[in-house]
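Here is the structure we will look at.
Atoms considered below: every heavy atom in the structure, side chains included; atoms not considered: hydrogens, waters and symmetry mates. Order of appearance sets the numbers: ligands from 1, and atoms from 1 within every ligand.
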Amino acid sequence: MVNHEGALDGKGLKIAIIVSRFNSVVTDRLLSGALDGLVRRGVSENDIDIYKCPGAFEIPSVAKRVIDSKKHDVVICLGAVIRGETPHFDYVAGESAKGVGQLSLAAQVPVVYGVLTTDSLEQAVDRAGGKSGNKGFDAAADAIEMVNLFKHI
Ligand code: INI
């Protein structure tokens, strides 16, 4: 039996983060969590490119171009789609997840999905450094693990 797992060692890795500005009170915190998670695992700040886009709907189109640039070992997508009162939520959340999912299957590098989809701002804040941890920090660990797992395959 051979057990394959990706190490949580980010030394030397080149990272792209795509983060949407909509609900920036949440996404700024996701970005801080992701940067903390990357640097704590050995990624150099000089090896991180941050691409900011308007909303979660735009994340896949930016991610596609970033992947095509072939400059990074992994692409991390961060955003916050909050239901509130609007049915717009379903379209934005659905298109964002579908677009990133399709890219992740086609790309040679891992693509990590750190887009929160919640019913309320409070739930989103809880998951962005509040009582339920920080999804950005988790996405950083997932990204590093996936790069190192791909090296085994
Ligand atoms: N974008 C988000 O990132 N989160 C949301 O909650 C959201 N809502 O609810 O509308 C949202 N809308 C904007 C969308 O992502 C696009 O930027 C916009 O439609 C322009 O294409």
Review point. Non-hydrogen atoms of Gly79 versus ligand 1: any pair closer than 4.0 Å?
Key: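 No, Gly79 has no heavy atoms under 4.0 Å from ligand 1.
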What protein heavy atom is closest to [atom], reported as residue, atom name and distance in Å?
| atom | answer |
| --- | --- |
| atom 3 (O) of ligand 1 | Ala56 N, 2.8 Å |
| atom 19 (O) of ligand 1 | His88 NE2, 3.7 Å |
| atom 14 (C) of ligand 1 | Phe57 CB, 3.8 Å |
| atom 4 (N) of ligand 1 | Ala80 O, 2.8 Å |
| atom 12 (N) of ligand 1 | Phe22 CE1, 3.6 Å |
| atom 16 (C) of ligand 1 | Glu58 OE1, 3.3 Å |

Practice item. Salt-bridge test for Asp90 and Arg83: reply yes if a basic N is under 4.0 Å from a carboxylate O, no otherwise. Key: yes
Review point. Linking I/L/V/M/F/W/Y whenever any side-chain heavy atoms sit under 4.5 Å apart, do Leu35 and Leu116 land together?
Key: yes
Check your understanding: Under 4.5 Å between side-chain heavy atoms, hopping through other hydrophobics if needed: is there a path connecting Val115 to Ile50?
Key ->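 Shared cluster, no.
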Output the distance between atom [atom1] ([X]) and atom [atom2] ([Y]), rounded to the nearest 0.5 Å.
| X | Y | atom1 | atom2 | answer |
| --- | --- | --- | --- | --- |
| Ile82 | Leu121 | CD1 | CG | 4.5 Å |
| Thr118 | Phe89 | OG1 | CZ | 6.5 Å |
| Asp47 | Leu13 | CG | CG | 8.5 Å |

Revision key, fill the gap. Checking heavy atoms under 4.0 Å, the part of Val92 that sits near ligand 1 is side chain
**Study point:** Contacting atoms of ligand 1, where contact means under 4.0 angstrom from a heavy atom of Asn23
**Key:** 4 (N), 5 (C), 6 (O)
Practice item. Output the list of atoms in ligand 1 that are nearer than 4.0 Å to some heavy atom of Ile82, sorted by atom number. Key: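 Answer, ordered by atom number: 6 (O), 9 (O).
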Check your understanding: Do Arg41 and Phe137 meet the cation-pi criteria used here (NZ or CZ under 6.0 Å from the six-membered ring centre, within 45° of the axis)?
Key -> yes
